[in-house]
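Read the structure below first, then the notes.
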Amino acid sequence: MPELPEVETIARGLKDGLIGKTILEADVFWARTLAIPTVRKFKEQIRGQKITGVSRRAKYLIIQLKNYNLLVHLRMSGDLLLRESKINPNKHDRLVLRLSGKYDLAFNDTRKFGRVWFTDDPQSILKKLGPEPLEKGFTADWLYKNLQSRKRQLKPLLLDQTFIAGLGNIYTDESLNIAKLHPLAQADTVKPTQAKALHQAIQSVLKEGIRRNGASIDWVYRGGDFQNHFRVYDQEGKPCPACGTEIIKFTVGQRGTHICPRCQVLERK
DNA sequence: AGGGAAACCCGAACGC
DNA sequence: TGCGTTCGGGTTTCCC
């Protein structure tokens with residue numbers, strides 16, 4: 001794993017470093033990072049904008065400007081770095097915002113999967129998202145009712161950000177294992193007690209992920225520790241922590257899927 | 001509406 | 001050693 005460079009990550013105070021600063025200039029090194037019509041217009045419009053707030057919705061980071069919003073999705077390998085101003089970009093820098101003061105905000109993204117939206121109407125992008133799994137609206141009762149109305153396979157549904165916003169592949173596999181549910185179970189066959197277990201599992205897995213600063217898989221997401229505590233994800237052939245049965249891996253909706261075949265049984269109707 | 005597949009990416013890991 | 005292939009993550013788009 002690479003050593004932590006001279007950066008501030010989100011968790012280490014990006015917010016404090018951004019609010020109140022003015023964007024002097026935007027350097028675009030990979031235009032497809034930006035979900036905007038033209039780079040020229042973007043640079044023109046963002047110049048002189050003051051950063052008024054930093055927040056989050058689902059997997060989007062929201063950098064509020066005076067008249068616009070920047071929505072940042074890091075996807076797989078993206079990173080936001082606040083670092084001392086310098087002339088030359090780092091390897092894999094896709095967008096660098098030159099700020100007032102002595103820092104730049106760099107969007108660095110090895111795999112070019114991440115995206116940045118620049119818009120005066122963030123709701124046009126955010127309104128379709130499902131509830132935050134750690135907030136009030138997401139209850140066991142809500143989950144049961146909404147599973148009841150769907151016929152989809154459980155795992156693809158949980159990964160659907162318009163259903164619940166925030167679960168990715170790792171967290172979904174871990175949650176289903178804790179709740180002892182099969183990823184291919186049809187959503188409307190989940191019973192109230194199972195929905196309650198799933199609700200509990202989702203919240204505990206996400207909280208643990210946050211507590212451990214996320215998972216560092218491959219060489220990305222530096223600093224996380226959750227990868228050392230997976231129950232099933234990437235544990236093919238290893239014993240299930242609950243019953244010792246070997247974890248198996250297969251594909252669901254084009255995604256690598258890991259289960260304990262003993263704890264997570266697909267009930268056929 | 002649901003499901004499958006392809007596309008977007010590239011560094012690491014693997015096979016030969 | 002080198003070279004080719006496969007993999008995987010999140011999301012959108014397209015097609016059945």
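Letters go in sequence order (proteins before strands), and every chain restarts at 1. Please read these numbers as outputs of a predicted model, since none were measured by experiment.
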For this session: Determine, for A:R152 against A:D160, whether the closest basic-nitrogen to carboxylate-oxygen distance falls under 4.0 angstrom.
Result: yes
For this session: Specify the separation, in whole Å, of atom CE of A:M76 and atom P of C:dT11.
Result: 10 Å
For this session: Look only at the side chain of A:Q153 and the backbone of A:V252, and say whether a donor-acceptor pair between them is shorter than 3.5 Å.
Result: no
Problem set entry | Separation of B:dA13 P from A:D234 CG (nearest whole Å) | 12 Å
For this session: Report the nucleotide, chosen from C:dT12, C:dG10, B:dC9, that has the shortest atom-to-atom distance to any side-chain atom of A:R111.
Result: B:dC9
Problem set entry | Spacing between A:E236 atom CD and C:dC7 atom P, to the nearest angstrom | 12 Å
Problem set entry | Side-chain donor/acceptor of A:T245 to backbone N/O of A:C260, under 3.5 Å | no
Exercise. Is the shortest side-chain N/O distance from A:H92 to OP1 or OP2 of B:dC10 below 4.0 Å?
Worked result: no
Problem set entry | No-hydrogen, no-angle side-chain donor-acceptor test under 3.5 Å, A:D79 and A:N108 | no
For this session: Can you tell me which residue pairs pass the ring-ring contact (aromatic ring centres under 6.0 Å, His included) test with a partner in residues 17-56 of chain A, sequence neighbours excluded?
Result: A:F42-A:F118
For this session: Answer yes if the side chains of A:D121 and A:Q123 hold a donor-acceptor pair under 3.5 Å, and no otherwise.
Result: no
Exercise. A:K91 near the nucleic acid: base, sugar-phosphate alone, or nothing, with a heavy-atom cut-off under 4.0 Å?
Worked result: nothing
For this session: Could you check how far CG of A:D93 sits from P of B:dC9, rounded to whole Å?
Result: 17 Å
For this session: Let me know the distance between CG of A:L129 and P of C:dT11, rounded to the nearest Å.
Result: 9 Å
Seminar exercise, completed: In whole angstroms, the gap separating P of C:dT12 from CG of A:L71 amounts to 13 Å
For this session: Please check the phosphate of C:dG10 (OP1 and OP2 only) for any side-chain N or O of A:H73 closer than 4.0 Å.
Result: no
For this session: Specify the separation, in whole Å, of atom CG of A:L159 and atom P of C:dG8.
Result: 15 Å
Seminar exercise, completed: Each nucleotide of nucleotides 2-8 of chain B classed B (base within 4.0 Å of a protein heavy atom), S (only sugar-phosphate) or -, in 5' to 3' order, makes SS-BB-B
Exercise. Per the salt bridge (Lys or Arg N to Asp or Glu O under 4.0 Å) rule, which among A:R47, A:R40, A:K41 passes with A:E44?
Worked result: A:R40
